[in-house]
Amino acid sequence: MIKPFAKPIYVTKPFLPPLEEFCRGLQEIWDNRWLTNNGPVLQRFNDTLGTYFNTDNLCLFNNGTLALQIALQGMGITGEVITTPYTFVATTHALYWNKIRPVFVDIEPDYYTLDPEKVEEAITPWTTAILAVHVYGNPCMLDELADIARRHGLKLLYDAAHAFGTQVNGKSIAHYGDLSMFSFHSTKLFHSLEGGMLIFQDGGLKSTFDYLKNFGYKSEVEVVMPGTNAKMNEMQALMGLHVLEHLDEILEKRRRITDLYRTRLKEIPGVCLAAAPRAGVAYNNAYLPVEIDERAFGMSRDAVYEKLKAWNIFTRRYFYPLICDFSCYRSISVNGDLAVARRAADRILTLPIYDSLELSEVETICEVISSLQKGTAVLPEIVGAGRPLGAS
Ligand SMILES: Cc1ncc(COP(=O)(O)O)c(C=O)c1O
């Protein structure tokens, strides 16, 4: 019998820098007594990211959701925006908060990103932009989407919440499209506790984004637009700076974990691995999605999800249900039957992956999955409960 893990293995676990390193930074914040409002640590984090991404067109926020809302508002996006139903719900919420109508179209089956053909079919006179998601950190079909956007005069925005660290042809994913939003939520491989970032092509947008995230203030006595409060604070910036120092090591560990999963899982009937990254893509290994083919596996995805809990393994069904099936979005019309997205949502299971996950733990997770498939698993008592549902 395979013994359950002594402690729960969740789908992710945040990286934390060594405490002594972080405490040295805290001392600086204590000495400064400057906690938020564009403090010195935030400025350093901004400059460090500017160097990392080789751009001045960068703006930091207290989370990715508000970053995306502000991006849409600052760019003056209105009417209809073509987007994916296969994402975390914040992508759609950001449209809704701007009174923009989301138009859901299907995804392609290899990387689960927007299907460019479906995007083109959905364009109407009211379409102003495409909001695509580099879901799981996989790049969208960048050239095809850029071509459609150019031919139809649409803005191209990327929700790159999952994609920090992904590169395409030696260039960061941040530099494709008109704008990219990154989430620095602590479930992400790069994080600042909570946080968000916009990187954009048009430098003229920077001041607008800066005003919008700080109540619209231009100076002490001038409010030039009805902004909100979306500022990143000093603690967040400090965490971000320290995590960034360890980024290469985080990416390397995830790469090794993915390699092992792929080797072990490809032997198991009914476990379908996502396609290997396209040529020219340096993937960040943000997630480990697999599809469970019920007939070949002998058990449904939901049964696998439930049974793994008995071994203290808590996977997630990202992204199920589809956004258009949530009660608040059911009235939105969808384009086509979304067959690919529905199939993915019904079959997908995202397995645990984080830098501190031991390779021996990956071996055990794969053994449990294999024994469930073979029907040899001896089910232990349920040993724990999942975490409450949160932002991915
Ligand atoms: C695809 C996607 N978009 C947007 C967000 C929102 O980012 P945040 O949690 O930083 O607000 C998340 C996740 O957290 C996400 O996964």
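Sequential numbering from 1 along the given sequence is applied to the chain's residues. As a basis for the values below, the full set of heavy atoms in this structure was taken, side chains included, without hydrogen atoms, waters or symmetry mates.
- Annotation for Leu58 and Gly50: closest pair CD1-N, 3.7 Å, computed over non-hydrogen atoms.
- Defined by atom type and a distance below 3.5 Å, a donor-acceptor pair is present between the side-chain atoms of Thr113 and Glu108.
- Results of the side chain to side chain donor-acceptor pair (under 3.5 Å) test with Arg317 over Asp302, Asp346, Thr350 single out Asp302 as the only residue that passes.
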For this session: Test side chain to side chain donor-acceptor pair (under 3.5 Å) on Gln69 and His93 and set out the steps.
Result: CA-CA 8 Å; Gln69 281 178 215; His93 286 343; over 6 Å; no

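- No hydrogens or angles considered: a donor-acceptor pair under 3.5 Å links the side chains of Thr187 and His185.
- The local environment of OH in Tyr329 is crowded, with over 12 non-hydrogen atoms from other residues, nucleotides or ligands closer than 6.0 Å.
- In plain terms, the two heavy atoms of Leu42 and Glu234 that are nearest each other are N-OE2, 3.0 Å.
- Taking both residues in full, the closest heavy atoms of Ile268 and Cys366 are given as CD1-O, 3.8 Å, listed atom of the first, atom of the second, then distance.
- Of the N and O atoms on the side chains of Lys231 and Asn229, at least one donor lies less than 3.5 Å from an acceptor on the other residue.
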Exercise. Given Tyr112 and Tyr136, is the ring pair (Phe, Tyr, Trp, His ring centres under 6.0 Å) satisfied, shown in steps?
Worked result: CA-CA 9 Å; Tyr112 311 105; Tyr136 305 132; 5.6 Å; yes

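- Not a single donor-acceptor pair under 3.5 Å links the side chain of Thr228 to the backbone N or O of Ala230.
- Between Ile130 and Leu145, the closest heavy-atom pair is CD1-O, 4.3 Å.
- Between Gln201 and His175, the side chains place no donor N or O within less than 3.5 Å of an acceptor N or O (distance only, hydrogens not considered).
- To the nearest 0.5 Å, atom CE of residue Met141 and atom CG of residue Asp147 are 11.5 Å apart.
- For the residue pair Asp31 and Gln27, a side-chain donor N or O sits within less than 3.5 Å of a side-chain acceptor on the partner.
- With hydrogens and angles ignored, the 3.5 Å screen pairs no side-chain donor or acceptor of His191 with any backbone N or O of Ser186.
- Residue-environment remark: CZ (Arg295) stays at or below the threshold of 12 foreign heavy atoms within 6.0 Å.
- Checked by atom type, the side-chain pair His134/Tyr176 shows no donor-acceptor distance below 3.5 Å.
- A cation-pi geometry, defined here as NZ or CZ lying under 6.0 Å from the six-membered ring centre and within 45° of its normal, does not hold between Arg254 and Tyr287.
- Annotation for Arg343: atom CZ does not count as buried by contact number, only 12 or fewer foreign heavy atoms lying within 6.0 Å.
- Between the side chains of Glu363 and Tyr261, no donor N or O sits under 3.5 Å from an acceptor N or O.
- In this structure, Asn312 contributes its side chain and Pro4 its backbone to no donor-acceptor pair below 3.5 Å.
- A side-chain N or O of Ser219 and one of Glu222 form a donor-acceptor pair less than 3.5 Å apart.
- In this structure, Asp337 contributes its side chain and Ala339 its backbone to a donor-acceptor pair below 3.5 Å.
- In plain terms, the two heavy atoms of Gly137 and Asn284 that are nearest each other are CA-OD1, 3.8 Å.
- With Arg347 contributing its side chain and Asp293 its backbone, the two residues share no donor-acceptor pair below 3.5 Å.
- Counting non-hydrogen atoms of other residues, nucleotides and ligands closer than 6.0 Å to CG of Asn54 gives a total of 12 or fewer.
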Exercise. Can Val243 and Leu189 be said to form a side-chain contact (heavy atoms from CB on, under 4.5 Å), step by step?
Worked result: CA-CA 9 Å; Val243 178; Leu189 69 88; over 6 Å; no

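- Using a 4.0 Å cut-off between charged side-chain N and carboxylate O, Arg264 and Glu367 make no salt bridge.
- Between Phe182 and Phe164, the ring planes are perpendicular. Angles over 60° get that label, and only those under 30° would be called parallel.
- Using a distance-only test at 3.5 Å, with no hydrogens or angles considered, a donor-acceptor pair links the side chain of Asn233 to the main chain of Met235.
- Using a distance-only test at 3.5 Å, with no hydrogens or angles considered, no donor-acceptor pair links the side chain of Asn63 to the main chain of Glu194.
- Heavy-atom minimum distance, Ala122 versus Thr127: O-OG1, 4.1 Å.
- In this model, a donor atom of one side chain and an acceptor atom of the other lie less than 3.5 Å apart for His246 and Glu249.
- In this structure, the separation between CG on Asp159 and OG1 on Thr83 is 8.0 Å, given to the nearest 0.5 Å.
- Between Asp106 and Arg342 there is no salt bridge, since none of the side-chain N atoms of the basic residue sits less than 4.0 Å from a carboxylate O of the acidic one.
- Of the possible polar contacts, one joining the Thr128 side chain to the Thr78 backbone as a donor-acceptor pair under 3.5 Å is found.
- Taken together through direct or relayed side-chain contacts under 4.5 Å among Ile, Leu, Val, Met, Phe, Trp and Tyr, Met232 and Tyr52 form part of one hydrophobic cluster.
- For Ser371 (side chain) and Val368 (main-chain N/O), a donor-acceptor pair under 3.5 Å exists by modelled atom type.
- The shortest side-chain heavy-atom distance between Val290 and Cys272 does not fall under the 4.5 Å cut-off.
- Using a distance-only test at 3.5 Å, with no hydrogens or angles considered, a donor-acceptor pair links the side chain of Trp34 to the main chain of Asn37.
- Atom NZ of Lys206 sits in a crowded spot, with more than 12 heavy atoms from other residues, nucleotides or ligands closer than 6.0 Å.
- Classification of Arg255 and Glu252 as a salt-bridged pair holds, one side-chain N sitting under 4.0 Å from a carboxylate O.
- Looking at Arg24 and Glu28, no side-chain N of the basic residue comes within less than 4.0 Å of a carboxylate O on the acidic one, giving no salt bridge.
- Heavy atoms from other residues, nucleotides or ligands lying under 6.0 Å from CZ of Phe53 number more than 12.
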